[in-house]
Structure formats: C-alpha cells, structure tokens
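In what follows, a structure is listed as structure tokens, so that the remarks can point back to it.
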Number of protein chains: 2
Amino acid sequence: MRLSRYFMPVLKETPAEAQIVSHRFMLRAGMIKQTAAGIYSWLPLGLKVLRNIENIVHEEQAKAGHIPILMSTLQPADLWRESGRYDDYGEEMLRVQDRHGRDMLYGPTNEEAVTDIFRSHVNSYKDLPLTLYQIQWKFRDEIRPRFGVMRGREFLMKDGYTFDLSKEDALHAYNRHLVSYLRSYERMGLKAIPMRADGGPIGGDYTHEFLVLADTGESEVFYDSEVTDLSFGDREVDFDNVAECEAVLQEFTSRYARTDETHDEDLFNSVPEERRRTARGIEVGQIFYFGTKYSESMGATVVNADQKQVPVHMGSHGIGVSRLLGAIIEASHDDKGIIWPEGVTPFHVGIVNLKQGDDEADAACEALYKAFQKAGLDPLYDDRKERAGGKFATMDLIGLPWRITVGPRGLKNGVVELTSRKTGESEEVTPEEAIARVIAIYAAL
Amino acid sequence: MRLSRYFMPVLKETPAEAQIVSHRFMLRAGMIKQTAAGIYSWLPLGLKVLRNIENIVHEEQAKAGHIPILMSTLQPADLWRESGRYDDYGEEMLRVQDRHGRDMLYGPTNEEAVTDIFRSHVNSYKDLPLTLYQIQWKFRDEIRPRFGVMRGREFLMKDGYTFDLSKEDALHAYNRHLVSYLRSYERMGLKAIPMRADGGPIGGDYTHEFLVLADTGESEVFYDSEVTDLSFGDREVDFDNVAECEAVLQEFTSRYARTDETHDEDLFNSVPEERRRTARGIEVGQIFYFGTKYSESMGATVVNADQKQVPVHMGSHGIGVSRLLGAIIEASHDDKGIIWPEGVTPFHVGIVNLKQGDDEADAACEALYKAFQKAGLDPLYDDRKERAGGKFATMDLIGLPWRITVGPRGLKNGVVELTSRKTGESEEVTPEEAIARVIAIYAAL
C-alpha cells in the first residue's frame, strides 16, 4: 500500500479518554474510532491486524479438525429460556424487541444457539466427536466499558463448542483446544499462560484461562517462574492422539499458575521461593468443560451404541479476538509506539523515502515496493512529501517490525538502511540484501 | 475435507417452509439453519460459499483502490438524528436501548457512521478521492421475511462509500464501482445486468441496480436483448483512468434495461421488437451517487484549493453478499440440486469412493485427495460407508462442479470417472489425467 492512497488517520495528540497504552496507541495510529462507549469501528490498519489474528485462529482450528460455522448475532429469547439463562444473565445481556414484539437478544455467547443446531441435526454417537466454532461479533452491555477494545461492549470472539459421547472424549477435546490455543498465541508473538480458572456456578476442575502478563492486566496472577520458560515451538501434534494431547496439558498446567480467583496461598508456598512470582495478567482465552448442563436442559441427546438416548458432554472454548489487539500492544510497545510481532503485523515492512520527488530515491523505493509485492508480502510505502522526522515518527508509532529507509546519500553508495523496530538497530545493506533479509524473516514464520 | 469428519447435515425431505428453490436447496444441503424468522446461522457448507463470495468482493475492491474498514453493528441513535433518518426510517430499523437507557440501533446501512468517520479525520481536498467499504452484518426488520437468505432480516452486505471533491470526481468513483461490480459478478459465474434504478426521494440519474435474471426474481425487468450478450471478460482496466471507466459505463448502460420502477414504455418501444425482452430479476447490488445530502447535514467538509470549506460529494455502493447465495442458486440449479459456478464452489471437486473399505479404492481416493490438497485445491472426499446411490445424490444436491468416481472395477482398467455437474457428462480417465484436468480448470479462473 502506498501511504498517499491509504486511510491511516494518525493523531499527533494523545486522546484524553485513553487510560492505557494500548488504547492510546490504537487511537493515535488510526486503528479504531469510537462509535459509542465500548463500541468501535475498525479503521484500515486496525482491521488488518484483526484479520491477521482471525486467520491464525482459523488456521490452527482447522489443524485441530474443528469446523467453522457462523451463528447470527440476534437470537430469539425463547432459546435462552430453555436453558434458564434468559432470566439469569442480568443486565449485560442486550435485549431487543422486534417489530412484532418478539423478545430477542444480541448473543453475548452461544451455548444455546449451537446446542440448538446440534440437536436439530445430530442423532447418533457415530457423528461424534464434533467441534463447531465461529468467529463472530458479540455484545455484552458492560456497565463501565473502558480500556478501548480490551473491555468493549461489541467485541469479536472465537467461540468453539465440543460435543462428545463421554466425559473422557470431552476432555480430549479440551486438551485439543489447549494445544491449538498454545500454538495460536505463540504465532501471535504472545506468551499466554494457561492458569487454573474458576468454574463459576457450574464448578469443576476443567477450566483454564490463558493470561498474557502485562502491568495493565485486570487480574492478579501467581505462578511458578518455570511456566514462563515453557514454549510450544514447532512441534507437530497429532490431534487425534489422546495421549499426546494429554501430555501437552500436563506439561503446561502441572506447575502452579493461578489467578486471584483460584489462588491458594498454601499451595503457592510449596513452590520454591525463588520461583514464586506475582504479576498482573490479561485474559485472552478460556477453555471449559461443563458436562451436560446445556444438553440436558435443551435435549441435545444422541443414541449410543446400546441404542439409548444420552445427553452429550459439552465444552466451550473461547479466544478474545478483538481484545487480543490490546493485549499484544500492552505486551509489546515502547514510548514511541507499537512493536508488532511479525505474525500479526499489519504490513510486513515499511519503506521510507527520505526525498520524495528525487528520481533515484523514488525509483529505488518503487523497486523495493514491487519486489516485496511480487514475493507475496505486503509493504507500506510512505510516499508522502513529508519531512523524514515525521515519516520516522509515524513508522515507529504504527510499529511495523522492519523498516527500509531510502535516501539519495545511501543510494550513491548503493545501500539502504534496514532497521528493526524492536531493537532499533540499523544496518546499511544493498536493496537486494534488504529484500532477501525481510523475505527470509517472514518465510521462517 | 473428509465427509466422515465434516458437519454437513443433508436433509432428505424438502422443508415445508421453503417456497423457492434456492431456499429449499440451501436447507436440504445443510448450508443454513433458521434461528428465527429471517435470521439464519451459517452451517459449514454455506459459510464456505459465503466466504468465497466475500473474497471475490474484497479482491475486486482492492484492485479498484478501495479501502476496507469495519463499522460496528450497533450505532448511537444520535448519529441518525443528525441526518434526519432516525425518524424517517420507519419500522425496518431495529431500535434498542442499552442498560443506561441510551437509544441505539442495529445498522441497516451506514451512511451516517461512515460520514462520522470521514468528518472526524479528513479535512483537506488533498486526501481525496477516498473510498471506504466494509462487508458487515446488517439488520432490517422486514415485516414478512421470506425466501431464505434472499429476503432475510440479518444479512451480510458489502457497502462502500465514496468521498470526492466534485460531482465529476464522484461520477468517476461511480464508474469505478460499476467496473468492479461487473468483474465481481462475472467471477461468481453470474450475469448481473446494470439497470437504471429509481433514486428514491433523493432522485437523480446516477443510480443503477444490478439484476440477475431468474424466474423467482422480485422485480419485473425490461431490456434490450443485446445487454445479455455483453461480457466484461478478462480485460485489464486502469481504475485511475477516467475515460476508460466511463467507456465501460457507456458500453454496459447505454442499451435499454430497466426495472418496473423506472420502466418507460415509449422508450422501450424504440428498441427493435425482436430485441425487446421482459423477465424477472433478482437485485444483487446497487450503485448510487447522491451528492451532498449527508455531507451537508452532518458537516463533512474539506478545505478546497481556494481555502474554502466545501461539503464532499458522496455515493453509496452495495453488494448483497448473503443474498447472492440465493441468487446464484436460483440462476444455476437443476432438479437434483445446486450447480455451483467454479468461482464460488464450496469444494473444488468431490471424490466418491464406490466401495469404502476396499483397499485399492481407498488408496486411490486417498491419493487423489492428497494430490488436490497439494495443488492448493479443496477436495471433498465422501469416505462414508454408504451405498453409491446415496453418495451420488448428496454430491448432486450440494452441487460441486466436478466429481471423480472411484471404484474397483474402473481401477482394474486404470481409470476413474470424471463427471461435470453441469452437463452430467462423464469420462473415463486415469487418476493422473483427472487431477491434471481439474487443476487446469481452476488455474484458468
């Protein structure tokens, strides 16, 4: 994209309403615009990152054998009356009446809707296991929305639902989700630690939240420092292999790691003192096995091998897609702006022309721009007639991981400057070398 | 995808509520499930086609230089009070109050929201022209939703908005949209004819609807038969070239083609009698230049070259994305089911194993399946233990353009059967030949 033809309304001033750094930078970089309290429209740069995160989630869900669907945002109240949640949910549920006076609601989550799909179409244990998921907008009418997309009212979430014949199978589905989530977050450049969560009114041991450590996190967390050394890495996992998925669960959840909701001081004290850590964390996902709560109340049964009708075992597994933009920025920024991990960056590389209008500089920038496009990468070329300082400030603010600076002086010596946003280090290299280096970085992802 | 692991709940019975063929086939093929009147959830097969259509729209909008954003579904009523439409819109607007009693609405269209984004960030004529578009869910509370996704209440639409300094520039934006729409529909396998539309209360000559001819269309249409001979084809267009885009408009709109709303009997009679046609059509898009209506009422102005504040000239340009699934099926089906055009098909090729469990047949199917995946295509392998008749009926119903049938008898002679869904013609070819033929077909798209 050529910046002169793009829509990236960067703000010079820091917006007064933004209390945390991710909100500030998302507004300043022209990524979002507030429509109403806790409701945002996504401007081009923000939308690109949102889509990148969605794509990672889709790819990892596909690898795990999970199947995408898309449920409507509006749902009839009657479905929620079946589960008993229409009355229980409280004021966070946005309730609507249509023109015929029918009670509807904007889905805050979708256990009821997906259970309705399941019971309408699946009758036999032979069609299990089944995991259906979606990435769709949801609405929760938070009383005090704040922190930008971190605690919005209209938000984008991945919600997956597992249907299994037995608790044992459902726990394998749980483990599959844990594995796929570990992979997803790592691809986004995040360390998200699974922590024992609170099962709420349903209870049960089978729920973990994924938390990203950040000073602005809403939860206090307590953990054994060894959990931050764990890394999923490149390993291949056979998602059908029960033992293999179970082993990943054990590896990543056997050490102490809990939020304040489930924190147990005595247990924590059994961790060697030098490894005990407290910090703050941002919740970016949760996995939850809850048994037959919805299948029983809503009649989601299958015929088992003995020809008996049995309720299916279910679980819900979520990733906060729009919230992740905030979490990534909280975890990866400096005073000048965002530092995007390569896996989610809106553009792969920025090209800064120090002297727009100079024939040689323009030609060199065009050549770089086209070479990256030809390689399937997405460069952002700052082709505006601005002074260099303004161009650098914009690039630092929007946080592309790599920048190539092109000026007449360097070109005389046959070089451009390749700069890492993260380290700030620059190297003079030939344009060909700069292209090859950047292509190699993304090819290795 | 292996069908044994997929979720494609095909119905044997024709659902009673479905009055038109596209609705019937979408329900029977397990593409959608009704959530409430006029509100659907998208099951895996339907979602795949929906995403394919979205991708075509995104690609063609990118080629035209238009920039994607994503606006919230819920919007504050105050924005719509500024334009005067909050009171004018009537009962099709779904109105909501949040927990604080603030008036909100579920966007039925987004002129107000996008004008608010524009006026907040753009101040100078130097930032024009600008086209922002989105593909987002909308809600119109139709009094009698029917025909499945063709006239739903919650629906997915591409809506693009153009901002220009002058009427002349705005008409170039209009023409750019016409070109990009012609390309988009052709890639979807549709002949969509631009027809002079009714400007409504705003009036003006600058609006065209795109109609697909189909017996079940809601509009009566009148046209010169020469318009159906026009084809955009492979031609390259420079979207910055005003004359080139204008010439496409002239080519595709100078012959008589109107809906009943704008039909002019006298003008129609000037078409040679043998070329006069009446038919029915489904509206799948509309382009509309409306001048300064919203920019004036909402204060969307820029400073022009003379340092004067002037309201921008705007247009709205829409494609009915979810409705297109219905329109495509109405235009392309037979008694047995859907016939997907290659550009939007949910899977590129179906593989039918006539004798699941036979070592040779299984191995041949696996080899085909993996060869297609390796080539970047998306095959659907019917690996269920069903009789051949059931497998064929399912493949015909879901309408994949190409089917490869594999059985022990053919394999003895080294051949499989390659069948066109459209013509019904089959050929015996080697597996290698079948792979090469299918790959070549999609490579040529």
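Below, all heavy atoms of this structure are taken into account, side chains as well, without hydrogens, waters or symmetry copies. Chain letters run A, B, ... following the sequence lines, proteins first and then strands; every chain starts at 1.
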Which bit of A:I143 comes within less than 4.5 Å of chain B, counting heavy atoms only: side chain, backbone, both or neither?
both
Quick one: what part of A:V114 sits under 4.5 Å from any heavy atom of chain B, side chain, backbone, both or neither?
neither
Heavy-atom contact with chain B under 4.5 Å, split by part of A:M93
neither
So for B:L94, is it side chain, backbone, both, or neither that comes closer than 4.5 Å to the heavy atoms of chain A?
side chain
CA sep, side-chain torsions, deciding dist, call: A:M104, B:I39, side chain to side chain contact (heavy atoms under 4.5 Å, CB included)
CA-CA 11 Å; A:M104 314 275 294; B:I39 304 180; 3.4 Å; yes
Choice from A:P68, A:A62, A:A36 maximising heavy atom contacts with chain B below 4.5 Å
A:P68
With a 4.5 angstrom heavy-atom cut-off, which part of A:L132 approaches chain B: side chain, backbone, both or neither?
side chain
Who among A:P44, A:G30, A:P129 has the most heavy-atom pairs with chain B under 4.5 Å?
A:P44
Taking side chain as everything from C-beta outward and backbone as N, CA, C, O, which of these in B:I32 sits under 4.5 Å from a heavy atom of chain A? Side chain, backbone, both or neither.
neither
Give, as side chain, backbone, both or neither, the part of A:L74 having an atom under 4.5 angstrom from any heavy atom of chain B.
both
Every donor-acceptor pair from chain B to chain A under 3.5 Å, please, each on its own line.
unit_1: B:R5; atom_1: NH1; unit_2: A:D240; atom_2: OD2; d: 3.0
unit_1: B:R5; atom_1: NH2; unit_2: A:D240; atom_2: OD1; d: 2.9
unit_1: B:K33; atom_1: NZ; unit_2: A:D116; atom_2: OD2; d: 3.1
unit_1: B:T35; atom_1: OG1; unit_2: A:S72; atom_2: OG; d: 3.4
unit_1: B:S41; atom_1: OG; unit_2: A:S72; atom_2: N; d: 3.4
unit_1: B:W42; atom_1: N; unit_2: A:L70; atom_2: O; d: 2.6
unit_1: B:W42; atom_1: O; unit_2: A:L70; atom_2: N; d: 2.9
unit_1: B:L70; atom_1: N; unit_2: A:W42; atom_2: O; d: 2.9
unit_1: B:L70; atom_1: O; unit_2: A:W42; atom_2: N; d: 2.6
unit_1: B:S72; atom_1: N; unit_2: A:S41; atom_2: OG; d: 3.4
unit_1: B:S72; atom_1: OG; unit_2: A:T35; atom_2: OG1; d: 3.4
unit_1: B:T73; atom_1: N; unit_2: A:E154; atom_2: OE1; d: 3.4
unit_1: B:T73; atom_1: N; unit_2: A:E154; atom_2: OE2; d: 2.7
unit_1: B:T73; atom_1: OG1; unit_2: A:Y106; atom_2: OH; d: 2.7
unit_1: B:T73; atom_1: OG1; unit_2: A:E154; atom_2: OE1; d: 3.1
unit_1: B:T73; atom_1: OG1; unit_2: A:E154; atom_2: OE2; d: 3.1
unit_1: B:L74; atom_1: N; unit_2: A:E154; atom_2: OE1; d: 3.0
unit_1: B:D98; atom_1: OD2; unit_2: A:R153; atom_2: NH1; d: 2.9
unit_1: B:R99; atom_1: N; unit_2: A:D141; atom_2: OD2; d: 2.7
unit_1: B:R99; atom_1: NH1; unit_2: A:D141; atom_2: O; d: 2.6
unit_1: B:H100; atom_1: NE2; unit_2: A:I143; atom_2: O; d: 3.1
unit_1: B:Y106; atom_1: OH; unit_2: A:T73; atom_2: OG1; d: 2.7
unit_1: B:D116; atom_1: OD2; unit_2: A:K33; atom_2: NZ; d: 3.1
unit_1: B:D141; atom_1: O; unit_2: A:R99; atom_2: NH1; d: 2.6
unit_1: B:D141; atom_1: OD2; unit_2: A:R99; atom_2: N; d: 2.7
unit_1: B:I143; atom_1: O; unit_2: A:H100; atom_2: NE2; d: 3.1
unit_1: B:R153; atom_1: NH1; unit_2: A:D98; atom_2: OD2; d: 2.9
unit_1: B:E154; atom_1: OE1; unit_2: A:T73; atom_2: N; d: 3.4
unit_1: B:E154; atom_1: OE1; unit_2: A:T73; atom_2: OG1; d: 3.1
unit_1: B:E154; atom_1: OE1; unit_2: A:L74; atom_2: N; d: 3.0
unit_1: B:E154; atom_1: OE2; unit_2: A:T73; atom_2: N; d: 2.7
unit_1: B:E154; atom_1: OE2; unit_2: A:T73; atom_2: OG1; d: 3.0
unit_1: B:D240; atom_1: OD1; unit_2: A:R5; atom_2: NH2; d: 2.9
unit_1: B:D240; atom_1: OD2; unit_2: A:R5; atom_2: NH1; d: 3.0

So what's closer than 4.5 Å to chain B heavy atoms on A:L47: side chain, backbone, both or neither?
side chain
Please classify the contact of B:I67 with chain A as side chain, backbone, both or neither, using a heavy-atom distance under 4.5 Å.
side chain
Okay, A:I117 and chain B: the region with an atom under 4.5 Å from a heavy atom over there is both
